[in-house]
Engineer: 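First, the structure itself, so that you have it in front of you.
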Amino acid sequence: MAKRLQARRLDGIDHNPWVEIVRLAKEYDVVNLGQGFPDFSPPDFAVQAFQQATSGDFMLNQYTMAFGYPPLTKILASFFGKLLGQEMDPLKNVLVTVGAYGALFTAFQALVDEGDEVIIIEPAFDCYEPMTMMAGGHPVFVSLRPSPAPKGQLGSSNDWQLDPIELASKFTPRTKILVLNTPNNPLGKVFSKMELELIAGLCQQHDVLCISDEVYQWLVYDGHQHVSIASLPGMWDRTLTIGSAGKSFSATGWKVGWVMGPDNIMKHLRTVHQNSIFHCPTQAQAAVAQCFEREQQHFGQPSSYFLQLPQAMHLNRDHMIRSLQSVGLEPLIPQGSYFLIADISDFKSRMPNLPGAADEPYDRCFAKWMIKNKGLVAIPVSIFFSRPHQKDFDHYIRFCFVKDEATLQAMDERLCRWKGELQP
Ligand code: IK2
């Protein structure tokens, strides 16, 4: 065919480094601690809700409202309205999407114009950059930077901070949106109220919108608090808050997400959604509606899944932190999410010449080496950075700890074998 096949909006985003890691993970006998999904069952009430949605009311097999199955938009408006301190209209302030991914895509398509600048705080979930570019926007990166942990102590995701002067310097008259992700993937950093106030102040000063990706909002540890930036004074009017049922109820395959915000912004997202996806599967939405109704009754009590899941993941986190250290990996303690990153600088100096392409960041070579030689899958952290910054952050790998006890035991066995190989 003589005509150019690839649409120009795909230029520069047609290579995805995840693909190779996922392929290798399938090829080798591995314990997969890479991709962020639970390998245990969702809670019983969620499984039952889904079964009921597929075997009960036959009308759940049919189309529903474009912007969300009404019982779901209603419960989301009431549940999150209380948390955000905002009266929400289910028809105007909530849109149900195909996962949080769908919410992000709809938001970028609805709001980003050719040449608009989008500030992305990195390390960042790796779809923000291509989504900005597909919409014709220009990503502008600002890095969280680590300060060294006190000698002999493990670092924490809280050691990674924004430089306020550098952040302020990224705002220009072309800046349309700042993307925030708290708790952050891959670091597990939970932005403090003070950090959010700094970001909120700059957004207001420069008339910039905020897309706040809060899919891990329930997963916070050690007494840290998740704060939604939309709940800060003056921010509701300029913030879109995004959530995920997959992450909330350990059912990532359901692919139900949502975005909430003021009607004058949401109406543009509804236009995109109406003309692209139309709506997310009705049965999955019905199941999520039931899950939220259940959570609303149990909220704040020990029976709430939003308390039980972080309690269980806290134990997994600490288990993984102890285990990884046995072979010289240096984990950073995450305040939230179900990921942690481990520093591999020591390996980088001891075995600098792992196989890989000439300009391949070290962490990618290391992740591939670890799959092939140690049977453990983790994700190179450089893929969460923009290309110019990848070489500066090529000495970390990300592990996912939302895993079953048996998986963590299998991890321990692999690490034990690895440790044995280290002995003289
Ligand atoms: N936002 C963030 C920050 C996410 O991490 C995800 C899920 N991706 O995680 C996979 C991984 O990093 O291994 C999403 C949005 C998308 O959520 P959903 O599954 O609801 O579309």
Side-chain angles (χ1 to χ4, degrees), residues 15-41 123 126 154-155 185-188 250 252-253 312-334 337-357 360-384 390 393-424:
H15 174 72
N16 189 324
W18 284 84
V19 177
E20 194 183 2
I21 299 286
V22 172
R23 182 181 56 76
L24 276 180
K26 288 210 159 39
E27 235 170 77
Y28 286 80
D29 169 29
V30 293
V31 179
N32 197 339
L33 306 166
Q35 232 180 334
F37 62 87
D39 65 354
F40 48 80
S41 172
D126 56 308
L154 287 180
N185 175 10
L187 276 183
S250 303
T252 54
M313 289 314 105
H314 193 155
L315 298 177
N316 281 14
R317 179 196 75 164
D318 293 351
H319 177 153
M320 188 177 262
I321 287 171
R322 276 192 307 275
S323 298
L324 293 180
Q325 290 177 83
S326 64
V327 294
L329 292 160
E330 273 184 56
L332 269 78
I333 304 167
S337 84
Y338 39 55
F339 303 112
L340 63 80
I341 69 168
D343 193 325
I344 52 169
S345 301
D346 192 35
F347 291 89
K348 196 176 170 191
S349 46
R350 281 191 290 115
M351 22 185 248
N353 299 316
L354 293 176
E360 196 164 3
Y362 182 79
D363 58 347
R364 289 191 207 175
C365 304
F366 185 86
K368 288 191 275 184
W369 171 83
M370 200 170 74
I371 292 174
K372 291 177 189 169
N373 295 280
K374 306 297 172 193
L376 288 170
V377 183
I379 304 294
V381 168
S382 62
I383 70 176
F384 299 95
Q390 287 182 356
F393 294 97
D394 70 344
H395 51 288
Y396 298 99
I397 51 175
R398 188 198 78 175
F399 289 89
C400 172
F401 55 83
V402 67
K403 299 296 171 195
D404 192 53
E405 184 57 37
T407 310
L408 295 184
Q409 243 168 40
M411 168 191 77
D412 282 345
E413 282 159 23
R414 302 285 164 120
L415 289 169
C416 196
R417 210 180 308 155
W418 184 348
K419 191 175 169 202
E421 290 159 8
L422 295 176
Q423 306 297 331

Engineer: With sequence neighbours excluded, tell me which residues meet side chain to side chain contact (heavy atoms under 4.5 Å, CB included) with Leu332.
Structural biologist: Trp160, Ile341, Tyr396
Engineer: At their closest point, which heavy atom of Pro123 faces which heavy atom of Pro186, and how far apart are they?
Structural biologist: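 For Pro123 and Pro186, the tightest heavy-atom pair comes out as CB-CD, 3.6 Å.
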Engineer: Is any side-chain heavy atom of Val402 closer than 4.5 Å to one of Phe40?
Structural biologist: yes
Engineer: Testing the basics here: between Thr252 and Pro38, what is the closest heavy-atom pair and its distance to 0.1 Å?
Structural biologist: CG2-CD, 4.0 Å
Engineer: Tell me every residue that passes ring-ring contact (aromatic ring centres under 6.0 Å, His included) with Phe339, counting only those two or more places apart in sequence or in another chain.
Structural biologist: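 Phe339 satisfies ring-ring contact (aromatic ring centres under 6.0 Å, His included) with Tyr216 once adjacent residues are dropped.
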Engineer: Output the distance between atom NE2 (His319) and atom CD (Glu405), rounded to the nearest 0.5 Å.
Structural biologist: 6.5 Å
Engineer: Assess the residue pair Trp18 and Ile379 against the criterion (side chain to side chain contact (heavy atoms under 4.5 Å, CB included)); give the C-alpha distance rounded to whole Å, side-chain angles, the decisive distance to 0.1 Å, and a yes or no.
Structural biologist: CA-CA 8 Å; Trp18 284 84; Ile379 304 294; 3.6 Å; yes
Engineer: What's the spacing between Leu408 CG and Glu413 CD if we round to 0.5 Å?
Structural biologist: 11.5 Å
Engineer: Just so I know, are the side chains of Arg23 and Lys26 near enough to count as touching, which here means a heavy-atom distance under 4.5 Å?
Structural biologist: no
Engineer: Which heavy-atom pair separates Gly188 from Ser337 by the least distance, and what is that distance?
Structural biologist: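 Between these two residues, the closest heavy atoms are CA-OG, 3.4 Å.
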Engineer: Can you name the closest pair of heavy atoms from Ala378 and Ile21 and give their distance?
Structural biologist: O-CG2, 4.1 Å
Engineer: Between atom CG of Asp412 and atom NZ of Lys419, what is the distance when rounded to the nearest 0.5 Å?
Structural biologist: 11.0 Å
Engineer: Tell me, with the steps shown, if Ile383 and Arg398 meet side chain to side chain contact (heavy atoms under 4.5 Å, CB included).
Structural biologist: CA-CA 10 Å; Ile383 70 176; Arg398 188 198 78 175; over 6 Å; no
Engineer: Dump the intermediate steps for side chain to side chain contact (heavy atoms under 4.5 Å, CB included) on His395 and Phe366, then the final yes or no.
Structural biologist: CA-CA 9 Å; His395 51 288; Phe366 185 86; over 6 Å; no
Engineer: Which residues satisfy the side chain to side chain contact (heavy atoms under 4.5 Å, CB included) test with Tyr28, sequence neighbours excluded?
Structural biologist: Leu24, Val30, Ile371, Lys372
Engineer: With sequence neighbours left out, write down each residue that passes side chain to side chain contact (heavy atoms under 4.5 Å, CB included) with Glu330, or none if nothing qualifies.
Structural biologist: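 Here the qualifying residues are Asp343.
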Engineer: Which distance, rounded to the nearest 0.5 Å, do you find between the CZ of Phe401 and the CG of Leu315?
Structural biologist: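 Reported to 0.5 Å precision, the distance equals 10.5 Å.
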Engineer: Test side chain to side chain contact (heavy atoms under 4.5 Å, CB included) on Phe347 and Leu354; report intermediate values, then the result.
Structural biologist: CA-CA 10 Å; Phe347 291 89; Leu354 293 176; over 6 Å; no
Engineer: Asn373: which residues meet the side chain to side chain contact (heavy atoms under 4.5 Å, CB included) condition with it, sequence neighbours left out?
Structural biologist: Trp369
Engineer: Could you tell me which residues satisfy salt bridge (charged side-chain N to carboxylate O under 4.0 Å, His left out) with Arg317, sequence neighbours excluded, listed by chain and number?
Structural biologist: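 Applying salt bridge (charged side-chain N to carboxylate O under 4.0 Å, His left out) to Arg317 gives Asp222.
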Engineer: If I compare all heavy atoms of Cys365 with all of Gly356, which pair ends up nearest, and what's the gap?
Structural biologist: SG-CA, 3.9 Å
Engineer: So which of Ile397, Ile333, Leu324 actually passes side-chain contact (heavy atoms from CB on, under 4.5 Å) with Leu340?
Structural biologist: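 The single option meeting the side-chain contact (heavy atoms from CB on, under 4.5 Å) with Leu340 is Leu324.
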Engineer: Looking at every non-hydrogen atom in both residues, tell me the closest pair between Asn316 and Lys403 and how far apart they are.
Structural biologist: ND2-O, 2.9 Å
Engineer: Under a 4.5 Å cut-off applied to non-hydrogen side-chain atoms, are Met411 and Ser323 in contact?
Structural biologist: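 In contact.
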Engineer: Do the non-hydrogen side-chain atoms of Lys348 and Asp394 ever get within less than 4.5 Å of each other?
Structural biologist: yes
